[in-house]
Amino acid sequence: MRPDTPAENVDHTAEAARLERTAGLYPEDAEALLLRAAAHLELSGDRPAAAALYDRLLASDAELESPYLVRALKASNLWEYDHEAEARAIIDGIRAAAPRDPAPWVIVGESLEAHDELEQAHETFTEAVRLLLTDVPEPPAAAHPLLFGRHRVRRMLGAAHDEWDTLADTVHSLPVTLDELHDPKRVWSLGSENPAELEAEISRLRAEVGAYRTALSRPFPVAVLHWPADELTELLEAYPSLAAEYPSHEEHLAAIEAALRELASSGTPNLGIVPGTVPSYEAFAASEGTTPDDADLLPQYATTLAARGRALPWPPQRSAPCWCGSGRAYGECHGV
């Protein structure tokens, strides 16, 4: 279920409860599942309950994959129900820590922007792009919202275009330009009596909403199962009958890339790769009441991992590390 689904179309409280129960069953995926649960609680209007989930994650003994993202989401949520001082303190801490992950910077910048702290939002977005994108040949997709957010805030501040704004224009792919989308005067066109102006504004708004939905929506990807070399060796030693599925690790990797390219060429969106492990596969087989040597179980296992938020999006940026774990850039490895 997409966390941006309107409240009238889904019971967000029930969905949050379901995700909490799932997190109890799969503690290794608790972070991703509880973050989605907190998003549903925010949409339901129960912000204190969402804050409690963020606190639960931060107080956990388990090491978090994205601790600064959790803190940023907590700060954004707190500010929405009159805990501004605490939210600002958390935001200051995140900025001082300078995380290398774009996501917390995006949340912090947009939170400041939403509360009309435009100068602070601009400083935050600028700090982030300088930290993460200086001397980077190709901005990763995860960093695009930083460029777009900075561009948007600078338009509202009346600042002239600079090199980062030019880069934002370069990575922007919608038919409506960023200057149009972020024009502060657009609001006045909504009160126009000219049908042509209203129609043009509706087109711009549709493009902008589409961009936000693309960024916010996290539907389960069509995921292909990937066994790292050591895991595949262990799997085939324990269950030799699966050798028919995996003649060698090299062929396994080639088959993954070929399958994903075929799906992409057929127009299938939101593709991903899920890394498998033998212990979790054996546990999954037991939960399904069957044995791990059943080859028909493999695609079900991949789908279940994807539903638990374990999928990595495919394809990576050409300059990003290849999904296979070789350490080489994707464009020099399986992306050739």
Side-chain angles (χ1 to χ4, degrees), residues 1-118 120-121 123-125 127-128 142 145-146 149 212-213 215-219 307-310:
M1 183 60 66
R2 295 185 347 181
D4 61 332
T5 304
E8 62 268 22
N9 296 333
V10 61
D11 186 339
H12 287 290
T13 302
E15 186 67 10
R18 184 190 69 79
L19 288 165
E20 284 194 68
R21 290 194 299 271
T22 306
L25 296 173
Y26 303 103
E28 68 274 20
D29 298 327
E31 182 176 351
L33 294 167
L34 291 180
L35 286 180
R36 288 170 55 197
H40 281 287
L41 289 171
E42 288 189 37
L43 288 169
S44 74
D46 194 351
R47 292 190 175 276
L53 282 187
Y54 295 132
D55 287 336
R56 173 178 162 185
L57 281 169
L58 292 170
S60 170
D61 293 333
E63 183 177 353
L64 298 177
E65 292 182 12
S66 305
Y68 291 109
L69 174 60
V70 178
R71 289 185 173 90
L73 290 168
K74 177 184 176 181
S76 177
N77 179 55
L78 287 171
W79 204 335
E80 293 298 327
Y81 74 107
D82 303 325
H83 289 68
E84 179 181 342
E86 186 178 354
R88 284 183 179 275
I90 296 172
I91 285 172
D92 290 343
I94 293 170
R95 292 177 63 181
R100 307 295 298 188
D101 176 12
W105 289 103
V106 173
I107 298 299
V108 166
E110 291 183 349
S111 182
L112 290 164
E113 178 188 352
H115 292 88
D116 295 325
E117 300 284 349
L118 297 184
Q120 287 292 312
E123 289 179 13
T124 299
F125 283 126
E127 287 173 18
L146 293 173
Y212 273 111
R213 284 196 176 276
L216 292 172
S217 173
R218 295 292 183 269
R308 286 159 50 190
R310 307 303 292 179

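Formation of a donor-acceptor pair under 3.5 Å by the S44 side chain with backbone atoms of L41 is found in this model. A donor-acceptor pair under 3.5 Å is absent between the side-chain atoms of E42 and the main chain of A50, judged by distance alone. One N or O on the side chain of T22 and one on the backbone of R18 form a donor-acceptor pair closer than 3.5 Å.
Going from atom CG of L43 over to atom NE2 of H12 covers 4.5 Å, rounded to the nearest 0.5 Å. Taken to the nearest 0.5 Å, the CG atom of L58 stands 11.0 Å off from the CG atom of L53. Going from atom OH of Y68 over to atom CD1 of I90 covers 13.0 Å, rounded to the nearest 0.5 Å. Here the straight-line distance linking atom CG of D116 with atom CG of L118 works out to 6.0 Å at 0.5 Å rounding. E65 contributes atom CD, which lies 8.5 Å from atom CG of D29 (distance to the nearest 0.5 angstrom). For the atom pair CG (L112) and OG1 (T124), the distance works out to 5.0 Å, reported to the nearest 0.5 Å.
Of all the heavy atoms in Q120 and R95, the pair that sits closest is OE1-NH1, 2.7 Å. Heavy atoms only, all atoms of each residue included: W105 and F125 are closest at O-CE2, 4.4 Å. Across all their heavy atoms, A37 and A16 have their closest contact at O-CB, 3.5 Å.
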Let me have the donor-acceptor pairs involving side chains of residues 72-86, under 3.5 Å, with sequence neighbours excluded, atom names and distances please.
residue : atom : partner : partner atom : Å
K74     : NZ   : D55     : OD1          : 2.6
N77     : OD1  : R47     : NH1          : 2.9
N77     : ND2  : R47     : O            : 3.1
H83     : ND1  : Y81     : O            : 2.9
E84     : OE2  : R88     : NE           : 2.8
E84     : OE2  : R88     : NH2          : 3.1

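With contacts defined as side-chain heavy-atom distances shorter than 4.5 Å, the pair V70/L64 qualifies.
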Tell me, with the steps shown, if R71 and Y54 meet side chain to side chain contact (heavy atoms under 4.5 Å, CB included).
CA-CA 7 Å; R71 289 185 173 90; Y54 295 132; over 6 Å; no

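Listed by chain and residue number, E110, P145, L146 satisfy the side-chain contact (heavy atoms from CB on, under 4.5 Å) test with V106 (two or more places apart in sequence, or in another chain). With sequence neighbours excluded, no residue forms a salt bridge (charged side-chain N to carboxylate O under 4.0 Å, His left out) with R21.
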